[in-house]
Amino acid sequence: MLVLQATILIFVAITATAVVFTRQPVRQVVGLSFYGIILGLLFFILQAPDVALSQITIGAVALPLMFMLSLAKIRRDAEERKRREESEHRREAA
Amino acid sequence: MNRRVRRWFFLICACAIFGLFVSAVRQMPTFGHYRGPYGDILNRETVYERHITDVVTAVNFDWRGIDTLGEESILFLSVIGTLVLLRKPSSEVNDSHDENDTADKRKGREIPLPSAATRVATLGLVGPLVVFGLYIVAHGHLTPGGGFQGGVILATAPLLVYLAGDLKSFKRIANHETVQIGEALGLLGFLILGLPGMIRGGAYLRNVLPLGTSGHVFSGGMIAPINVCTGVAVSAGLVAVTYVFLEHTLETRLRGRR
Amino acid sequence: MSLLPYIVAVWLFLVGLYGIVTSRNFIHLVMCLAILQSSTYVFLLAVGYRIGAGPPVFANVPVGTPAVDPVVQALLLTDIVVEATVVALLLSFAVQVHRNTATLDPEKVVELEG
Amino acid sequence: MNPLVPLPLLIPLAAAFLLGLLNKRCPRWFADSIAILAASATGVVSLILMHESALRPIVYWYGAWTPRSGIALGVDFYVDPFSAGLAAFVCLLALASFIFSLHYFDSVGNLFHVLMLGFIAAMCGFSLSGDLFNLFVYFELMSVAAFALCGYKTEEPSTQQGAINFAVLNTIGAFLALLGLGMFYARTGALNLAQIGRTLGHDSGVLVVTSFVFVMCGLLVKAAAFPFHFWLADAHAVAPTPVCVLFSGIMVELGVYAVARVYWSLMDGALAPHRSALTGVLLVVGTMTALLGACMCFAQRHIKRLLAFSTISHTGLLIIGFALLKPGALAGAALYLIGHGAAKGALFLVAGILLHRCGSIDEAHLYGRGRKMPWTGAVFVLGGFGLVGLIPFGTFAGEHAIEFIAERNHQGWLDIVFFLAVTITAAAVFRVYARVFLGRGTRLSSGARLKTVDERRETSGPHNHVPAVMFLPAFALGLLAIAAGCIPGETHAVLTAACAFADHAGYQARVLEGAFLPIQAVASEHAPLLSSVLRSLGATLAAIALAVFAISPAWDRGRIYSRPFARSMAFIRRLHSGRVGDYVAYFAFGVAAIGIALAFLIAS
């Protein structure tokens with residue numbers, strides 16, 4: 001049991017470090033989701049089923065979802081900006 | 001500070017914090033030997049006092065119920081905050097619609113509907129998911145789970161509708177107005193449920209309902225109704241947040257479809 | 001082993017902090033903040049843990065069975081919701097920053113100085 | 001149990017939920033009246049509670065879970081004149097800013113009111129709570145509301161930057177405090193302040209000290225103490241003016257209050273033999289905050305940013321008042337808090353009026369444009385006198401008490417810190433007054449713009465006059481800043497309350513056993529008033545002189561001869577880089593430095 005806990009704890013630390021050092025947001029979100037699941041697992045093993053349940057629903061699903069949505073929003077924003085600039089260019093040229 | 005200086009400056013400070021922390025935790029009870037009185041007393045008393053078998057739920061909604069009211073208010077305010085922050089800037093409210101429309105059409109940006117199989121599968125999941133969420137909410141005082149967790153699960157149901165491509169239904173379920181009413185009602189319900197205890201001469205959030213037999217669904221007095229209110233508030237809150245982030249996409253997609 | 005959970009907790013805190021200090025992207029920064037917050041989860045749960053004890057749920061076991069501390073778990077539920085809300089708010093700031101300045105780099109968005 | 005106690009939390013929350021429910025379905029006037037009504041009702045309840053708790057503090061257990069054999073099972077609210085008085089002051093400032101903002105915020109329905117009401121509830125709960133985790137919950141509630149309010153004006157890039165700096169720093173602080181809370185819980189198995197204090201006893205091991213340092217640093221982030229203060233000016237510079245009144249007037253000060261509450265309720269037993277160590281560390285923090293804030297304040301020309309730095313400086317003085325760890329100084333700090341909060345509120349409201357009338361908040365752009373608003377200018381000057389601590393003001397009474405205690409404890413050098421901080425900050429205000437409202441002195445070249453926020457008007461409608469709803473709250477706050485210092489019998493009452501506040505054993509007995517130990521009031525020694533009066537007049541004259549010098553041509557010429565001064569100023573300004581990464585690095589430095597210094601001093 002203790003060995004299992006220790007393994008998962010170390011795994012949590014490694015995953016967290018990996019998430020921090022991933023500089024590419026989309027990949028990082030995937031990592032965060034994975035991290036959420038591992039944390040949930042740790043909570044199960046530490047006899048906290050309530051917390052594990054909410055960690056998995058929030059940490060592994062809701063949070064990454066929010067990140068994805070805002071990344072999508074930002075991408076769309078960038079596209080729109082580009083399009084606006086292009087049309088301005090065209091107007092200037094004309 | 002330039003970035004390199006900043007990094008090294010931080011690393012030195014971080015080492016100091018690490019050292020301080022480690023020297024402190026060496027004086028803590030060793031891991032796995034919890035000894036404090038608080039948790040043990042609650043573990044012993046909850047079933048007798050409150051006829052509730054899940055102590056964590058009891059702590060959240062009864063012993064320390066006021067914390068949960070505060071926490072639900074945090075959720076509420078943050079949803080309101082997100083609505084305020086992501087509101088359309090006044091300059092974009094009127095103009096640029098037509099332009100976007102034509103631009104979208106020109107580029108052929110209409111997003112195809114998901115395949116029929118996906119739609120059936122996702123929509124088919126909605127029913128069981130809602131049932132599961134309701135179960136988790138309603139059995140919060142008996143088994144692990146409760147208002148939060150069930151609420152979050154319920155909140156994913158509209159998203160499945162969205163994923164299935166049924167945008168109009170999603171918009172109907174999840175638009176600001178409905179959701180915000182749900183959230184505010186859930187919270188008002190919570191706040192009001194605390195009042196009878198006060199009127200009866202006790203204190204705010206004191207139990208006034210019969211406790212029932214422990215292990216039954218109708219037990220634990222006020223905890224079950226408060227749990228339901230929390231479930232409503234949490235699910236509405238999360239739907240609201242996702243909707244705010246999705247709103248713009250949703251509108252473009254709905255317009256593209258026309 | 002007896003110190004490992006605590007060390008992991010402070011590691012999560014510091015690594016999250018490091019990520020924030022060095023971040024070049026607001027979304028990345030918010031994720032580091034989420035990691036930082038999870039340090040408190042690990043720490044609090046480790047504080048309330050008891051070897052060989054079950055969860056604080058007495059549905060199928062009699063009262064008096066050794067159980068871990070329910071209080072920290074209740075605190076954690078609050079904590080997790082707080083994390084989600086703070087992240088939502090910060091993400092909306094990030095989205096706004098991008099809308100206004102077309103960049104997500106904290107080093108480039110410098111309007112307030114001196 | 002006294003049914004009034006939970007009301008300061010519940011009334012604003014209920015009003016917030018109600019307005020959230022109605023949102024756009026109710027007209028603006030309805031939301032305004034609900035908000036004003038809720039704030040006044042909460043204020044009245046808090047005042048009643050303050051009155052009732054003057055003789056014996058009230059303890060309220062939620063869910064009627066009174067402690068059993070000295071072990072707290074639930075969460076309590078602890079009402080003493082300090083906590084209830086702070087709640088009342090929150091409501092007062094909120095009322096002023098609600099009235100002021102009647103013309104504001106047309107764009108988003110009533111959500112602004114919802115956020116403000118939630119903010120008020122959080123601050124009331126924060127001042128009343130007697131449970132460490134409950135304190136954290138209100139800390140977060142306060143933060144979330146504050147972040148959203150701060151980022152309210154979404155169309156300016158600087159807004160998001162200020163709000164992000166604010167949110168990231170405060171969230172990190174909160175979670176550091178939560179780690180500290182976890183360590184306390186591991187050590188004592190309790191979350192109630194009184195019970196933690198009792199269980200700790202006289203243990204001053206490194207665990208207890210570190211836990212306290214973590215909790216304290218978390219709260220000091222809110223209190224904007226050096227080196228955690230960087231977010232404050234950014235947040236204030238971008239937040240809407242009515243919100244700034246609450247930020248500067250009370251939210252920041254609540255951070256200091258919470259440190260004081262945590263220290264006296266749970267650490268006083270453990271640290272009693274090591275008080276001088278804590279005093280030393282906190283005096284350094286307070287002094288640095290006060291002087292740095294003052295220097296930065298004088299260097300600003302964005303008026304709201306200038307006022308924000310002056311808040312930092314005055315919070316430093318509050319920290320000094322607490323750091324002496326004496327009831328007398330605590331009483332002084334309480335008076336100072338009220339006096340400063342009111343004066344600063346008035347100043348911010350005047351800044352809001354300037355923004356409304358002239359559409360700018362930059363000292364250079366506003367040159368002479370306030371000449372048609374003599375009354376508004378008068379309120380501004382009144383606020384300046386409040387900052388410098390001229391004799392009838394609340395700040396004077398507070399400063400007088402703190403300095404008296406400081407001298408008795410052989411910390412006479414604090415006089416100089418006080419003198420410098422209040423003189424420089426007030427001089428900055430007078431300088432702005434002279435340029436903007438009198439149109440005197442040199443013009444700032446608007447070409448050499450500092451990179452700072454370009455404020456847009458926050459209001460719509462005609463801008464050719466100052467509406468009464470904007471002027472009256474500012475005027476009232478200005479009067480309050482005076483009144484706070486001259487209520488008869490006030491000093492004695494505050495001193496008694498401070499003695500009760502600082503009664504470690506009495507607090508525990510009251511909370512855990514419901515017993516009431518008579519307060520051992522310190523006989524209020526009559527401090528030599530004359531020297532304080534002279535000092536306050538001297539500081540005022542010095543501030544005016546400095547302001548006159550600053551707007552004279554000699555100032556510009558003098559710059560050439562003061563290279564080292566200018567260089568160090570430039571260095572300090574560069575520290576406030578607006579980059580969140582830098583701020584977080586300073587935060588880590590602060591935690592490490594305070595922690596190691598305290599642990600080292602206590603161990604040796």
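Source: prediction; values computed, not measured. Residue numbers begin at 1 in each chain, while the letters A, B, ... track the order of the sequences.
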Do C/Ser39 and C/Trp11 have side-chain N/O donor and acceptor atoms under 3.5 Å apart? no

Looking at every heavy atom in both C/Phe58 and C/Gly64, which two are closest together, and how far apart are they? CE2-N, 4.3 Å

State whether the number of non-hydrogen atoms from other residues, nucleotides or ligands found under 6.0 Å of A/Arg81 atom CZ is greater than 12. yes

With chain A, the option among C/Ile27, C/Val72, C/Asn25 that has the most non-hydrogen atom pairs under 4.5 Å is C/Ile27

Side chain, backbone, both or neither: which part of A/Thr22 has a heavy atom under 4.5 Å from chain C? backbone

Note: vs chain C, highest number of non-hydrogen pairs under 4.5 angstrom among A/Gly31, A/Ala62, A/Ala13 is A/Ala13

Who passes side-chain hydrogen bond (donor to acceptor under 3.5 Å, both in side chains) against A/Arg23, sequence neighbours left out? C/Thr22

Best-contacting candidate, C/Val42, C/Leu45, C/Val87, against chain A by heavy atom pairs under 4.5 angstrom: C/Leu45

Measure C/Ile7 against the heavy atoms of chain A and call it side chain, backbone, both or neither at under 4.5 Å. neither

Heavy-atom cut-off 4.5 Å, strictly under: side chain, backbone, both or neither for A/Ala16 against chain C? both

Which pair of non-hydrogen atoms, one from C/Gly19 and one from A/Val20, has the smallest distance, and what is that distance? CA-CG1, 3.6 Å

Show me the pairs that pass side chain to side chain donor-acceptor pair (under 3.5 Å) and involve residues 61-71 of chain C, at least two apart or across chains. B/Tyr34-C/Asp69, C/Asp69-D/Tyr185

Could you check, using the six-membered ring where one of them is a Trp, whether A/Phe21 and C/Tyr18 have ring centers closer than 6.0 angstrom? yes

Among all residues two or more places apart in sequence or in another chain, which pass the side-chain hydrogen bond (donor to acceptor under 3.5 Å, both in side chains) test with C/Tyr41? C/Glu83

Applying a strict 4.5 Å limit to non-hydrogen atoms, the region of C/Ala53 in contact with chain A is backbone

Checked C/Val15, C/Leu76, C/Val8, C/Ile35 vs chain A; the most non-hydrogen pairs under 4.5 Å come from C/Ile35

With side chains defined as the heavy atoms from C-beta onward, is the minimum distance between A/Lys73 and C/Leu91 less than 4.5 Å? no

Expected contact set for residues 35-42 of chain A against chain C at heavy-atom separation under 4.5 Å reads A/Tyr35, A/Leu39, A/Leu42

Could you have a look at A/Asp50, A/Val29, A/Thr15, A/Leu53 and say which one has the most heavy-atom pairs with chain C under 4.5 angstrom? A/Val29

Residues C/Val68, C/Gln73; criterion side-chain contact (heavy atoms from CB on, under 4.5 Å); working and verdict: CA-CA 9 Å; C/Val68 300; C/Gln73 300 193 8; 3.3 Å; yes

